[in-house]
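Here is the structure we will look at, set down as structure tokens.
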Amino acid sequence: MKYDEHTDIVVAGYGFAGGAAAIAAADAGKKVLLLEKMAVPGGISICSGGGLRVASNPEKAFAYLEATNAGSIPDELLRAFAQEMTKLPGYFTKLAEINRAEVVTLDRPANYPLPGYDTFQFLEISSIPDFDPRKEYPQARSLRAGINAFKVVDDNVRMRGIDVRLSVKVLRLLRAPAGEVCGVEVDTPEGIRRIGTRHGVILACGGFESDPDMQRQFWQFYPVLPAATRGNTGDGIRMAQALGADLWHMWHFHGSYGFRHTDPKYVFGIRTKKLPDWTPGVLPTSVRMSWILVDRTGRRFMNEYQPYAHDTGHRFFDRYDPTAMRFPAMPAFLVLDEAARKMYPVAKSFINDPEIEPYDWSKDNLREVELGILKRAESVADLARQMKTPELVLKETIERWNGLCASNAEDEFGRPAATRTPLSSPPFYFGEVWPVVSNTQGGLVHDVKQRVLNPYGEPIPRLYVAGELGSIWGFLYLSGGNLAECFISGRIAGMNVSAEEALML
């Protein structure tokens, strides 16, 4: 096989997982190529909340992970991951020394009151001296902790002199006659090239948030809007499948609900405001949510304020009415009144794309009324007319809701009383909302060494996976868990591919 160049290891995708994998391989003394298909680094990682889930007790962590994965992941993997979560603070703190970043630990239990929920904390980068995120990463819109965490990774990559190439898309995996992965075919600004790898390839190129065709294959409802980047189009899944890779829990994704911009060039969903998570029966919430959701029949259909609304908020849109032959909540309507409009912005964008101008939601939600993302109605009757829902049904829904807000009665959907806000001061406002995917879960099946497996449980030689592309979260997601997984799986993949005996290319 002829190559245009050789290296020890290729890492495809430069987010947290790809960065961690490249750092580990470089620390093992290997020559690494870190390739990113987009013109900017960071992927969806830089758009994250930036909090890494860590654990103080591995047995408790395992118990929680076992309960939330509902039998979808082998215990061996969960035990190993739980152990690594206890080591993550030391590892991440060491990375943070590169730029004197301040690491803070926040006591915050897991999202669900299952065994072991109280062993978890959050690890965040609260500040970095002399760091201006708008100057270094002008294309990114995120919470500060997410951008801070990527800055730590980026500085570690630069310090090691790792060869980072942007606008380079990995197209195919190359195999030697004996079956080992021995390189990649890439699309570069200079044309198609082949790069040989002496030790192997790590796929860290994320999921399929921005691939509608793959969404239609694995999810029932549609459309589901991407939240952060156009780069995640299932490339790693297809490349690995071509070599016989197995897949797991592809139905599961981390997401919420949000708005479509009226400008078709803005292809991302704009997620509703992130309100504090809570743990039923353990950590309550008293933060008021300013809206309710109704479907196209004019009825509420879910608890709008889930314990972790930005993870499970989309699931209630996925119900089909076989008598009406439609998904009644596709789209749904977010409804609020004049008093609620003034409370806070109801949405915020999180994107990382150099070709799309970031959209900053207005503080009073009025710019969105001007743009038509939100619409104004003078009365409930006007609201029903514009939403094309039955007026009597919508009126009953709002009256029932306002009655709930005036009491501590239990909500049939489980929304906490302290979060309720009445709809009693016209004018009213509404906007169509759709499911929004922050990141996919599942993907490539792998073992504890992060080796990609075929359907017979056999490793595909010299092919490794890290991060979202092989995510272990199989039923209920642990907030901050994807970020922890990026660093844990990236480091493990980088170490193990480096230990492979070198091929003679």
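In this chain, residues are counted from 1 in sequence order.
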For [Y], is the NZ or CZ atom of [X] found under 6.0 angstrom from the centre of its six-membered ring and inside 45 degrees of the ring axis?
{"X": "Arg216", "Y": "Tyr222", "value": "yes"}
{"X": "Arg53", "Y": "Phe122", "value": "yes"}
{"X": "Arg315", "Y": "Phe475", "value": "yes"}
{"X": "Lys348", "Y": "Phe350", "value": "yes"}
{"X": "Lys363", "Y": "Tyr344", "value": "no"}

Counting distance only, does the side-chain N/O of [X] pair as donor-acceptor with the main-chain N or O of [Y] below 3.5 Å?
{"X": "Asp107", "Y": "Gln121", "result": "no"}
{"X": "Thr233", "Y": "Phe208", "result": "no"}
{"X": "Arg341", "Y": "Ser290", "result": "no"}
{"X": "Thr262", "Y": "Leu371", "result": "yes"}
{"X": "Lys388", "Y": "Arg385", "result": "no"}
{"X": "Trp278", "Y": "Pro416", "result": "no"}
{"X": "Arg299", "Y": "Val393", "result": "no"}
{"X": "His249", "Y": "Ser471", "result": "yes"}
{"X": "Ser349", "Y": "Tyr359", "result": "yes"}
{"X": "Asn352", "Y": "Gly43", "result": "yes"}

**Request:** Not counting sequence neighbours, list each pair that qualifies as a ring pair (Phe, Tyr, Trp, His ring centres under 6.0 Å) and has a residue in residues 361-416.
**Result:**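 Only Phe259-Trp361 qualify under ring pair (Phe, Tyr, Trp, His ring centres under 6.0 Å).
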
Side-chain donor-acceptor pair under 3.5 Å between [X] and [Y], yes or no?
{"X": "Tyr429", "Y": "Glu338", "answer": "yes"}
{"X": "Thr119", "Y": "Tyr64", "answer": "no"}
{"X": "Ser210", "Y": "Asn232", "answer": "no"}
{"X": "Glu468", "Y": "Thr440", "answer": "yes"}
{"X": "Trp473", "Y": "Glu485", "answer": "yes"}
{"X": "Asn482", "Y": "Asn439", "answer": "yes"}

Does some side-chain heavy atom of [Y] sit less than 4.5 Å from a side-chain heavy atom of [X]?
{"X": "Val164", "Y": "Glu36", "answer": "no"}
{"X": "Ile46", "Y": "Tyr137", "answer": "yes"}
{"X": "Leu336", "Y": "Phe428", "answer": "no"}
{"X": "Phe430", "Y": "Val294", "answer": "no"}
{"X": "Phe218", "Y": "Leu247", "answer": "yes"}
{"X": "Ile351", "Y": "Thr229", "answer": "no"}
{"X": "Leu203", "Y": "Leu173", "answer": "yes"}
{"X": "Leu293", "Y": "Phe333", "answer": "no"}

**Prompt:** In this structure, which one of Val335, Leu334, Thr421 forms a side chain to side chain contact (heavy atoms under 4.5 Å, CB included) with Ile292?
**Reply:**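 One option only clears the test, and that one is Val335.
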
**Message:** So, applying side chain to side chain contact (heavy atoms under 4.5 Å, CB included) with Val186, which one of Ile192, Leu35, Leu171 is it?
**Reply:** Leu35

With rounding to the nearest 0.5 Å, note down the distance linking [atom1] in [X] to [atom2] in [Y].
{"X": "Arg172", "Y": "Arg238", "atom1": "CZ", "atom2": "CZ", "value": "12.0 Å"}
{"X": "Leu275", "Y": "Met289", "atom1": "CG", "atom2": "CE", "value": "5.0 Å"}
{"X": "Ile373", "Y": "Arg260", "atom1": "CD1", "atom2": "CZ", "value": "12.5 Å"}
{"X": "Ser256", "Y": "His310", "atom1": "OG", "atom2": "NE2", "value": "4.0 Å"}
{"X": "Met330", "Y": "Arg296", "atom1": "CE", "atom2": "CZ", "value": "9.0 Å"}
{"X": "Ser45", "Y": "Asp154", "atom1": "OG", "atom2": "CG", "value": "11.5 Å"}

**Test: Asp235 and Lys37 ion pair at under 4.0 Å** = yes

**Item:** Residues Asp411, Arg300: salt bridge by 4.0 Å N-O rule
**Value:** yes

**Residues Phe317, Phe301; criterion ring pair (Phe, Tyr, Trp, His ring centres under 6.0 Å); working and verdict** = CA-CA 9 Å; Phe317 290 68; Phe301 60 96; 5.6 Å; yes

Where is the tightest heavy-atom contact between [X] and [Y], given as atom of each residue plus distance?
{"X": "Ala20", "Y": "Cys486", "value": "CB-O, 4.0 Å"}
{"X": "Tyr257", "Y": "Glu304", "value": "OH-O, 3.0 Å"}
{"X": "Ser438", "Y": "Ile44", "value": "O-CD1, 3.9 Å"}
{"X": "Ala110", "Y": "Thr279", "value": "O-OG1, 2.7 Å"}
{"X": "Pro435", "Y": "Pro223", "value": "CG-O, 3.7 Å"}
{"X": "Pro345", "Y": "Ser362", "value": "CB-O, 3.5 Å"}

**Request:** Please step through ring pair (Phe, Tyr, Trp, His ring centres under 6.0 Å) for the pair Trp219 and His252, ending with a clear verdict.
**Result:** CA-CA 9 Å; Trp219 302 341; His252 188 198; over 10 Å; no

**Prompt:** Between Glu399 and Val380, does a side-chain contact (heavy atoms from CB on, under 4.5 Å) hold up when you go through it step by step?
**Reply:** CA-CA 10 Å; Glu399 288 176 350; Val380 173; over 6 Å; no

**Asked** Under the side chain to side chain contact (heavy atoms under 4.5 Å, CB included) test, which residues partner Glu355, sequence neighbours left out?
**Response**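 Per chain and number, Glu355 pairs via side chain to side chain contact (heavy atoms under 4.5 Å, CB included) with Arg230, Asp353.
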
**Message:** Checking Asp337 against Ser424 for the side-chain contact (heavy atoms from CB on, under 4.5 Å) test, could you report, in this order, the C-alpha distance in whole Å, the side-chain angles of both residues, the deciding distance, and whether it holds?
**Reply:** CA-CA 7 Å; Asp337 69 0; Ser424 55; 4.2 Å; yes

